[in-house]
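A short worksheet on the structure shown next.
As the structure is a computational prediction, the values presented were derived from the model and not from experiment.
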There are 2 protein chains.
Amino acid sequence: MQYLKIMEAISEQIDAGLLAAGNKLPAERKLADSFNTTRVTLRESLALLEAEGKLYREDRRGWFVSPTPLSYDPTYTTNFPQMAKEQGRLARTELIDAKLMPASRRAASLLKVPPLSEVYRVDRLRFLDERPVVVVTNFILPKYFPNLLEKSFTSSLTTLYREEYGVIYSKTRYRVSTTSLLGETAQHLRATAGSPAMLVERLNYDQHDNVIDCDLEYWRHDAICIESVAELSK
Amino acid sequence: MQYLKIMEAISEQIDAGLLAAGNKLPAERKLADSFNTTRVTLRESLALLEAEGKLYREDRRGWFVSPTPLSYDPTYTTNFPQMAKEQGRLARTELIDAKLMPASRRAASLLKVPPLSEVYRVDRLRFLDERPVVVVTNFILPKYFPNLLEKSFTSSLTTLYREEYGVIYSKTRYRVSTTSLLGETAQHLRATAGSPAMLVERLNYDQHDNVIDCDLEYWRHDAICIESVAELSK
DNA sequence: AAGTGGTCTAGACCACTTA
DNA sequence: AAGTGGTCTAGACCACTTG
């Protein structure tokens with residue numbers, strides 16, 4: 001089990017600080033040579049470290065050492081940049097697309113509206129210290145947010161909801177699972193198709209307990225850990 | 001990108017119900033033949049489906065179609081068998097080991113006790129419909145649970161805490177991240193070293209807000225999704 | 001232009017599971 | 001005993017990134 005030994009060797013170098021967060025690893029061919037093995041086997045080790053969240057890959061660019069993950073509390077409403085700031089990180093959001101369109105099957109079922117109902121769909125890409133880490137897609141019920149597309153998306157959606165429509169997030173139902181990145185989502189995150197990822201789905205309620213929107217968040221899985229405190233019911 | 005096409009082909013067969021949950025896939029060599037490719041490429045497709053949680057692997061036994069994941073709410077105290085039952089699944093727990101020992105570094109830091117303090121360590125393996133899905137390790141502060149090892153571990157720990165010591169779980173701090181299975185943990189789960197996994201770490205408090213124990217749960221990542229509702233603070 | 005990562009081939013041997 | 005999965009080798013070509 002050569003690939004386990006190689007994995008441990010690289011792992012130790014990371015833990016020892018010889019390979020710092022954000023650093024690029026040497027070329028695969030060079031690494032393979034220095035471990036006296038082939039690229040195939042080396043890549044097995046690297047994939048393992050990717051699964052563990054110690055390394056990440058940028059498509060065609062190489063392998064990098066993962067920074068400390070962002071601690072993400074789904075029960076917090078604080079917007080993304082603020083959450084990052086509290087943890088000493090720099091965050092930035094880019095608008096990919098915002099439009100009115102028929103709800104996808106998944107979105108319709110979450111929002112409990114008939115399939116193909118019109119909803120707003122807002123796609124955004126979020127960066128942590130200039131690394132793209134999550135693609136967020138919101139499906140928003142137009143009923144509560146007339147003329148949403150005319151608004152500016154420079155501030156957070158939470159802020160927009162509150163200041164323009166008096167809607168306040170008050171409850172969220174979330175779901176976390178693991179998946180893999182495909183197609184455009186992968187491209188936005190500079191990931192190779194099939195990279196492991198974390199999917200956070202949220203269904204959000206306003207202060208009157210109405211469902212107002214839902215969102216799908218595809219995270220580079222090494223970039224976050226979900227962390228929260230819960231009072232136990234019963 | 002042959003491996004993506006193969007992945008989609010298999011994926012469709014699963015969605016169409018041609019490959020039912022729990023079914024074993026044909027041998028890798030046969031699959032490779034039928035897709036006119038090599039085992040290496042085929043295995044790339046299979047690994048992708050594993051990352052997505054549609055397939056899982058049992059070490060040296062082959063590839064299987066994943067059943068529906070268990071919905072796991074960390075804010076619930078209900079014990080594991082009951083949680084499973086509510087979702088129409090059959091659960092079972094096996095005791096691997098229970099002993100008094102010096103706290104590991106990770107456990108000591110979570111429990112906020114000096115390194116190498118004596119704590120109880122209880123390792124258990126949990127099955128869902130006779131498939132091993134999670135290895136749970138509890139680190140328990142002896143202070144609140146004198147003579148714990150003399151008790152029977154046939155019922156749940158929650159029940160034991162309540163009935164024998166009057167200790168009631170009232171708050172939990174949890175953390176979810178992705179990782180990979182190694183060593184004994186992998187073996188218990190019948191997994192190949194390096195299989196993707198989900199790690200749930202919990203720090204538990206009693207009714208007086210004392211930390212009483214912590215636990216590390218290594219899940220077959222296709223076997224659960226974390227699902228919860230949260231009232232938003234502020 | 002050179003080098004790199006992404007993808008793929010066509011084998012091989014071994015230890016283990018299964019019939 | 002046969003077949004299977006786990007692991008590994010030694011190449012190859014292409015498209016893309018980088019200097």
Side-chain angles (χ1 to χ4, degrees), chain A residues 1-10 22-51 55-65 130-132 180-183 186-196 220, chain B residues 1-10 22-51 55-65 130-132 180-183 186-196 220:
Chain A
M1 253 113 76
Q2 203 174 347
Y3 73 94
L4 284 181
K5 294 210 193 310
I6 297 175
M7 182 210 93
E8 279 161 27
I10 298 177
N23 276 192
K24 184 178 182 306
L25 266 64
E28 290 182 2
R29 284 169 178 85
K30 283 178 189 161
L31 278 174
D33 269 358
S34 69
F35 285 109
N36 240 304
T37 187
T38 57
R39 269 180 78 206
V40 178
T41 300
L42 174 80
R43 280 170 66 89
E44 185 139 359
S45 305
L46 295 175
L48 223 163
L49 288 161
E50 182 185 35
L55 294 182
Y56 67 95
R57 223 184 336 171
E58 295 210 348
D59 195 46
R60 292 180 183 283
R61 243 176 291 260
W63 298 83
F64 300 83
V65 178
E130 292 309 312
R131 173 189 174 205
S180 67
L181 299 172
L182 295 172
Q187 278 175 37
H188 285 301
L189 295 172
R190 295 185 203 143
T192 308
S195 301
R220 293 292 294 228
Chain B
M1 255 112 74
Q2 202 174 346
Y3 73 95
L4 283 181
K5 294 211 191 310
I6 297 175
M7 182 211 92
E8 279 161 25
I10 298 176
N23 277 190
K24 185 178 182 305
L25 266 66
E28 291 181 1
R29 285 169 178 84
K30 283 178 189 160
L31 279 174
D33 269 359
S34 71
F35 285 110
N36 241 303
T37 185
T38 58
R39 270 180 77 207
V40 178
T41 300
L42 174 79
R43 280 170 66 89
E44 185 141 0
S45 304
L46 295 175
L48 223 164
L49 289 161
E50 183 185 33
L55 294 182
Y56 66 96
R57 226 191 323 179
E58 295 210 346
D59 195 45
R60 294 183 179 283
R61 243 176 290 261
W63 299 84
F64 300 83
V65 179
E130 291 310 310
R131 173 189 174 204
S180 68
L181 299 171
L182 295 173
Q187 278 175 37
H188 285 302
L189 295 172
R190 294 185 203 144
T192 308
S195 301
R220 293 292 293 230

_Those residues that, when tested against B/Glu58, pass side-chain contact (heavy atoms from CB on, under 4.5 Å) (two or more places apart)_ = B/Tyr56, B/Arg61, B/Phe64, B/Arg190
*Excluding sequence neighbours, so at least two apart, what forms side-chain contact (heavy atoms from CB on, under 4.5 Å) with A/Ser45?*
A/Tyr3, A/Ile6, A/Met7
*When the nearest nucleotide of DNA chain C is assigned to A/Lys30 and to A/Ala193 on a heavy-atom basis, which residue is associated with the more 5' position?*
A/Lys30
*Who are the side-chain hydrogen bond (donor to acceptor under 3.5 Å, both in side chains) partners of A/Arg57, not counting sequence neighbours?*
none
*Could you give me the stems involving DNA chain C, meaning stretches of three or more consecutive Watson-Crick or G-U wobble pairs whose two defining distances are both below 3.5 Å?*
C:1-18 with D:1-18
*Listed by chain and number, what are the salt bridge (Lys or Arg N to Asp or Glu O under 4.0 Å) partners of B/Arg29, not counting sequence neighbours?*
none
*Of the residues in residues 34-41 of chain B, which ones touch DNA chain C at a heavy-atom distance under 4.0 Å?*
B/Thr37, B/Thr38, B/Arg39, B/Val40, B/Thr41
_B/His188 to B/Pro132 - nearest heavy-atom pair and separation_ = O-CB, 3.7 Å
*Considering residues at least two apart in sequence or located in another chain, which fulfil the salt bridge (Lys or Arg N to Asp or Glu O under 4.0 Å) criterion with A/Glu8?*
none
*With sequence neighbours left out, write down each residue that passes side-chain hydrogen bond (donor to acceptor under 3.5 Å, both in side chains) with B/Ser195, or none if nothing qualifies.*
none
Extract from the structure each pairing of a protein N or O with an N or O of nucleotides 17-19 of chain C at less than 3.5 Å, listing the distance.
none

*Determine yes or no for a side-chain-to-main-chain donor-acceptor pair under 3.5 angstrom, with B/Thr41 supplying the side chain and B/Thr38 the backbone.*
no
*Write down the atom of B/Leu181, the atom of B/Ala191, and the distance for their closest heavy-atom approach.*
CD1-CB, 3.7 Å
*Mind checking what makes salt bridge (Lys or Arg N to Asp or Glu O under 4.0 Å) contact with A/Arg60, not counting sequence neighbours?*
none
*Using chain A heavy atoms and a threshold of under 4.0 Å, write down where along DNA chain D the contacts begin and end, 5' to 3'.*
D/dT7 to D/dT18
*How would you list, by chain and number, every residue that makes a side-chain contact (heavy atoms from CB on, under 4.5 Å) with B/Glu28, sequence neighbours excluded?*
B/Arg39, B/Leu42, B/Arg43, B/Leu46, B/Trp63
*Of all heavy-atom pairs between B/Ser180 and B/Gly194, which one has the smallest distance, and what is that distance?*
CB-O, 3.6 Å
